[in-house]
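Report on one structure; see the data block that follows.
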Amino acid sequence: MPEEKATNRRVRINFSETAKGLVQWDITAEFESVEESKAALSAAIDAAREVIKEKGLKEVTA
């Protein structure tokens, strides 16, 4: 029986609202290499911030 290699290639983005009404994001990028994960994570962060801005929400900032 041939061995199957698990291929996790996905990005998950979750938004939650704090008690003060600010939005924070939680992003997971799962890929075979660090380089792929890094690129996907960077794009996902940009996309998450774009959605927050489009919806007129306020993001938690450092």
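The structure displayed is predicted, hence computed values, not measured ones. Hydrogens, waters and symmetry mates are skipped; everything else that's a heavy atom, side chains included, is used.
Between the CD atom of Q24 and the OG1 atom of T61 there is a distance of 11.5 Å, given to the nearest 0.5 Å. Atoms NZ and OG1, from K58 and T18 in turn, are 11.5 Å apart once rounded to the nearest 0.5 Å. Interatomic distance, CG of L41 versus CZ of F31, reported as 9.5 Å (0.5 Å rounding). Atom CG of L57 is separated from atom CD1 of I52 by 7.0 Å, given to the nearest 0.5 angstrom. Between I27 atom CD1 and R12 atom CZ the span is 12.5 Å, to the nearest 0.5 Å.
Two residues are said to be in side-chain contact when any heavy atoms from C-beta on lie closer than 4.5 Å; W25 and V60 fail this criterion. Taking the side chain as every heavy atom from C-beta outward, F15 and V51 approach each other to under 4.5 Å. Between E59 and V23 there is no side-chain heavy-atom pair separated by less than 4.5 Å.
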Hey, mind stepping through V11 and T28 against side-chain contact (heavy atoms from CB on, under 4.5 Å) and telling me if it holds?
-> CA-CA 6 Å; V11 175; T28 303; over 6 Å; no
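A donor-acceptor contact shorter than 3.5 Å is absent between the side chain of S42 and the backbone of K38.
Of all non-hydrogen atoms in A29 and A40, the two that sit nearest each other are CB-CB, 4.3 Å.
Between R9 and E36, at least one side-chain N (NZ, or NE/NH1/NH2) sits under 4.0 Å from a carboxylate O, which counts as a salt bridge.
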